[in-house]
**Q** 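Take a look at this one; I'll ask things after.
Order of listing sets the numbers, starting from 1, for every ligand and every atom in it. Starting from 1, each residue takes its place in the sequence as its number.
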Amino acid sequence: MTVHSPRTIDQAVTLLEKYPSAMILSGGTDFMVEVNFNHRKPSQVVSTRAIEELRQWNIDHDTNSIFIGAGVTYSTIESSDIAQAAPALAEASRTVGSPQIRAAGTMGGNLGTCSPAGDTLPVFAALDAKILLASNAGRREVSFADFMVGPKKNSLLAGEMVLGVSLPIIEGWQGYAKVGVRNAMVISIASACLVRNASDDSVRVALGSVGPTIIRARAAESWWLDQGAPRSSSEMHTEFGARCAAEASPITDHRSTAEYRRHAIKVLCTRLAARSTSR
Ligand SMILES: Cc1cc2nc3c(=O)[nH]c(=O)nc-3n(C[C@H](O)[C@H](O)[C@H](O)COP(=O)(O)OP(=O)(O)OC[C@H]3O[C@@H](n4cnc5c(N)ncnc54)[C@H](O)[C@@H]3O)c2cc1C
């Protein structure tokens with residue numbers, strides 16, 4: 001295979017236009033597994049690793065948002081000021097693979113793979129993230145809800161790449177939790193992100209690994225808002241967890257059963273709700 005190593009985004013999108021079937025290579029932690037198992041045999045590869053711009057992030061105090069480049073690694077997210085601006089993203093990043101995987105793996109790669117088990121994706125769904133895309137024809141922004149269209153399917157067009165993600169900086173609380181078959185180095189069998197907005201006490205909750213795409217538990221969100229303050233009773237948190245689980249759409253596969261996944265969502269969402277009101 002021929003590996004191209006552009007240094008700028010313009011060079012990268014020019015290559016992607018010239019070779020429409022080229023694969024983008026970022027940290028390689030998903031890509032190389034596919035290649036090693038002969039699941040993919042790309043003849044042209046566009047590596048983004050030399051594109052410095054993709055490894056940048058920027059906090060905009062005017063719009064109260066953070067833009068994170070697609071090439072930012074999990075270890076950077078955990079250890080930089082991104083962790084203060086987007087605590088749930090940092091929490092999710094800390095659960096990814098091993099230190100080696102977190103040093104190489106990127107947020108853009110998680111979006112590129114677009115697995116329902118991808119750890120950053122519930123955070124993007126709960127925060128209503130905007131994904132910035134580029135091709136030789138120009139740039140466009142899509143909401144995360146429109147970006148992920150199925151299991152391992154996104155709405156990238158031929159010749160397009162992810163430049164980064166824009167997230168609002170929320171005044172309030174946000175957290176991420178996942179269940180796997182052990183505590184570390186594990187792909188989730190159920191995951192959830194909860195964001196609680198301090199100004200109106202609303203919550204946004206997104207569920208991972210329990211549907212073809214990340215699921216927003218919108219009925220549970222509305223139910224939360226309908227409850228009176230202070231929303232800190234354990235009964236309310238348990239009921240909220242049950243309502244989130246009712247919105248999950250899990251399947252049984254080699255990792256877990258649908259029944260266990262639904263139970264795990266109930267437990268995770270109950271705990272996240274309790275954590276969100278405990279401070
Ligand atoms: C041992 C191991 C453990 C893992 N554990 C976890 C885990 O706990 N949680 C988890 O979520 N994932 C896990 N993964 C999967 C993987 O590490 C993540 O999905 C990671 O985010 C992929 O990022 P990458 O930079 O390595 O992407 P790559 O492997 O380089 O690319 C992945 C896909 O995204 C595409 N892509 C890359 N960059 C872009 C871009 N800028 N625009 C468009 N498409 C792009 C590629 O073409 C490819 O299809 C694990 C993998 C391994 C090998």
**Q** I need the contact type for Ile24 against ligand 1. Using non-hydrogen atoms and a strict under-4.0 Å cut-off, is it side chain, backbone, both or neither?
**A**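 Both backbone and side chain.
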
**Q** I'd like to know if Arg216 and Glu247 make a salt bridge, using a cut-off of under 4.0 Å between side-chain N and carboxylate O.
**A**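 Looking at Arg216 and Glu247, the cut-off is not met.
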
**Q** By number and element, which atoms of ligand 1 are closer than 4.0 Å to a non-hydrogen atom of Ser26?
**A**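 The list of qualifying atoms is 25 (O), 30 (O), 37 (C), 38 (N).
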
**Q** Number the atoms of ligand 1 from 1 as they appear, then name those within less than 4.0 Å of a heavy atom of Thr95, with their elements.
**A**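 Every atom of ligand 1 under 4.0 Å from some heavy atom of Thr95: 8 (O).
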
**Q** Using a distance-only test with no angle check, is there a side-chain donor-acceptor pair under 3.5 angstrom linking Asn197 and Ser199?
**A**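 Looking only at side-chain atoms, Ser199 and Asn197 do form a donor-acceptor pair, the distance falling under 3.5 Å.
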
**Q** For atom 26 (O) of ligand 1, what is the closest protein heavy atom, and at what distance to 0.1 Å?
**A**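 The protein heavy atom lying closest is Thr29 OG1, 2.6 Å.
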
**Q** What atoms in ligand 1 come closer than 4.0 Å to a heavy atom of Met23?
**A** 47 (O), 49 (O)

**Q** Got an N/O contact under 3.5 Å between Gly27 and ligand 1?
**A**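 Yes, there is a polar N/O contact under 3.5 Å.
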
**Q** Counting heavy atoms only, which of Asn110, Leu163, Leu54 comes nearest to atom 12 (N) of ligand 1?
**A**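 Shortest heavy-atom distance from atom 12 (N) of ligand 1: Asn110.
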
**Q** Could you list the atoms of ligand 1 found under 4.0 angstrom from a heavy atom of Thr113?
**A** 32 (C), 33 (C), 34 (O)

**Q** Less than 4.5 Å apart, any side-chain heavy atom of Ile24 and any of Thr48?
**A**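 In contact.
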
**Q** Consider only side-chain N and O atoms of Thr113 and Asp30, and report whether a donor and an acceptor are under 3.5 Å apart.
**A**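 Yes, Asp30 and Thr113 have a side-chain donor paired with an acceptor closer than 3.5 Å.
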
**Q** Is the shortest N/O to N/O distance between Phe31 and ligand 1 below 3.5 Å?
**A** yes

**Q** Pick from Thr120, Thr29, Thr106, Asn110: which one makes a side chain to side chain donor-acceptor pair (under 3.5 Å) with Tyr74?
**A**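 Answer after filtering Thr120, Thr29, Thr106, Asn110: Asn110.
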
**Q** For atom 35 (C) of ligand 1, which protein heavy atom lies nearest, and how many Å away is it?
**A**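 Residue, atom and distance for the closest contact: Gly112 CA, 3.8 Å.
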
**Q** Quick test of your reading of the model: are Glu259 and Lys266 salt-bridged, counting only N-O distances below 4.0 Å?
**A** no

**Q** Going by the angle between their ring planes, with limits at 30° and 60°, are Phe37 and His39 parallel, tilted or perpendicular?
**A** parallel

**Q** Using modelled atom types and a 3.5 Å cut-off, is there a donor and acceptor pairing between side-chain atoms of Arg55 and backbone atoms of Arg49?
**A**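 Checking the backbone N and O of Arg49 against the side chain of Arg55, a donor-acceptor pair under 3.5 Å is found.
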
**Q** For atom 27 (O) of ligand 1, what's the nearest protein heavy atom and its distance?
**A** Gly109 CA, 3.3 Å

**Q** Against heavy atoms of Tyr74, which atoms of ligand 1 measure under 4.0 Å?
**A**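 Checking each atom against Tyr74, I get 18 (C), 20 (C), 21 (O).
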
**Q** Say whether Gly28, considering both its backbone and side-chain N or O atoms, lies within less than 3.5 Å of an N or O atom on ligand 1.
**A** yes

**Q** Report yes or no: does Val186 have a heavy atom closer than 4.0 Å to ligand 1?
**A**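 The answer is yes: ligand 1 sits under 4.0 Å from a heavy atom of Val186.
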
**Q** Given Ser209, which partner from the list Ser115, Ser188, Ser256, Ser191 fulfils the side chain to side chain donor-acceptor pair (under 3.5 Å) test?
**A** Ser188

**Q** List the closest protein heavy-atom neighbour of atom 7 (C) of ligand 1: residue, atom name, distance to the nearest 0.1 Å.
**A**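 Protein heavy atom at minimum distance: Asp119 OD2, 3.4 Å.
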
**Q** Can you tell me if Lys178 contacts ligand 1 (heavy atom of the residue under 4.0 Å from the ligand)?
**A** yes

**Q** Has Arg261 got a side-chain atom pairing as donor or acceptor with Ile251's backbone, closer than 3.5 angstrom?
**A** yes

**Q** Considering both backbone and side-chain atoms of Gly97, is one of its nitrogen or oxygen atoms within less than 3.5 Å of a nitrogen or oxygen in ligand 1?
**A**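 Yes, at least one N or O pair falls under 3.5 Å.
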
**Q** Any nitrogen or oxygen of Asp30, side chain or backbone, less than 3.5 Å from one on ligand 1?
**A** yes

**Q** N/O of Val162 under 3.5 Å from N/O of ligand 1, yes or no?
**A**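 Among all N and O atoms of Val162, at least one is under 3.5 Å from an N or O of ligand 1.
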
**Q** With the threshold set at under 4.0 angstrom, would you say Val96 reaches ligand 1 through any of its heavy atoms?
**A**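 Contact present.
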
**Q** Tell me, with the steps shown, if His237 and Ser232 meet side-chain hydrogen bond (donor to acceptor under 3.5 Å, both in side chains).
**A** CA-CA 7 Å; His237 300 153; Ser232 54; over 6 Å; no

**Q** Judging by distance only, is a nitrogen or oxygen of Thr48 under 3.5 angstrom from one on ligand 1?
**A** no

**Q** Hey, can you tell me if Trp224 and Phe240 have their rings parallel, tilted or perpendicular (30° and 60° cut-offs)?
**A**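 Trp224 and Phe240: perpendicular rings.
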
**Q** Looking at Arg94 and Asp119, does any basic side-chain N land under 4.0 Å from a carboxylate oxygen?
**A**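 Salt bridge between Arg94 and Asp119, a charged N being under 4.0 Å from a carboxylate O: no.
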
**Q** For atom 52 (C) of ligand 1, which protein heavy atom lies nearest, and how many Å away is it?
**A** Ile101 CD1, 3.6 Å

